[in-house]
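What follows is a single structure, written as structure tokens, with notes after it.
Quick caveat, the model's predicted, so the values are computed rather than measured. Keep in mind that the numbers below use all heavy atoms, side chains included, and drop hydrogens, waters and symmetry copies.
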Amino acid sequence: MTEPMFRHCYTRPTWTCVVDGDEWPCASAKSELRHQFGVRGRVFMDYFLNRLREARLDLPDEDDWLLVKRFVLWSPEDHR
């Protein structure tokens with residue numbers, strides 16, 4: 001799968017937004033990603049599960065549950 005193009009993207013290894021410096025996905029990234037993925041729920045979830053795996057490697061001291069909430073549980077219900 002190719003990386004989607006959006007303005008509010010992350011920088012590694014901190015997983016912060018390159019535009020506003022907030023934890024990624026920031027509010028603007030979430031909006032952009034919802035728009036980009038539309039109703040393709042499986043693609044949306046696959047994308048974020050892969051980001052979660054990468055973030056887990058970059059942020060080994062972060063609580064697992066907080067990372068799951070950050071990368072997966074915010075997604076619109078129709079994408080889960």
Clusters formed by hydrophobic residues whose side-chain heavy atoms approach within less than 4.5 Å: which one holds Leu66, and what are its other members?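 Same cluster as Leu66: nobody, lone residue.
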Under 4.5 Å side-chain heavy-atom separation, chaining through any Ile, Leu, Val, Met, Phe, Trp or Tyr, what else clusters with Val19? Say none if it is isolated.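 Under the 4.5 Å side-chain rule, Val19 groups with Val18.
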Say you draw a straight line from CG of Leu33 to OH of Tyr47; how long is it, rounded to the nearest 0.5 Å? 6.0 Å
Would you compute the distance between atom CD of Glu32 and atom SG of Cys26 and round it to the nearest 0.5 angstrom? 7.5 Å
Is the closest side-chain heavy-atom distance between Leu57 and Arg53 below 4.5 Å? no
Does any part of the side chain of Trp65, heavy atoms only, come nearer than 4.5 Å to the side chain of Leu73, both counted from C-beta? yes
Which heavy atom of [X] sits nearest to which heavy atom of [Y], and what is that distance?
X     : Y     : answer
His8  : Ala29 : O-CB, 3.3 Å
Leu52 : Val72 : CD2-CG2, 4.1 Å
Cys17 : Trp24 : N-CB, 4.0 Å

Residues two or more places apart in sequence or in another chain: which of them pass side-chain hydrogen bond (donor to acceptor under 3.5 Å, both in side chains) with Ser28? none
Check side-chain hydrogen bond (donor to acceptor under 3.5 Å, both in side chains) between Ser31 and all other residues, then give those that pass, not counting sequence neighbours.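 Per chain and number, Ser31 pairs via side-chain hydrogen bond (donor to acceptor under 3.5 Å, both in side chains) with no residue.
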Leu59: what forms a side-chain contact (heavy atoms from CB on, under 4.5 Å) with it, not counting sequence neighbours?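 Scan of Leu59 (side-chain contact (heavy atoms from CB on, under 4.5 Å), adjacent residues dropped) gives Trp15, Ala55, Glu62, Leu67, Arg70.
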Salt bridge (charged side-chain N to carboxylate O under 4.0 Å, His left out) involving Asp64 - partner list, sequence neighbours excluded: Arg56
Tell me which pairs pass salt bridge (Lys or Arg N to Asp or Glu O under 4.0 Å) where either residue lies in residues 8-22, with sequence neighbours left out.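 The answer is Arg12-Glu54, Arg12-Asp58.
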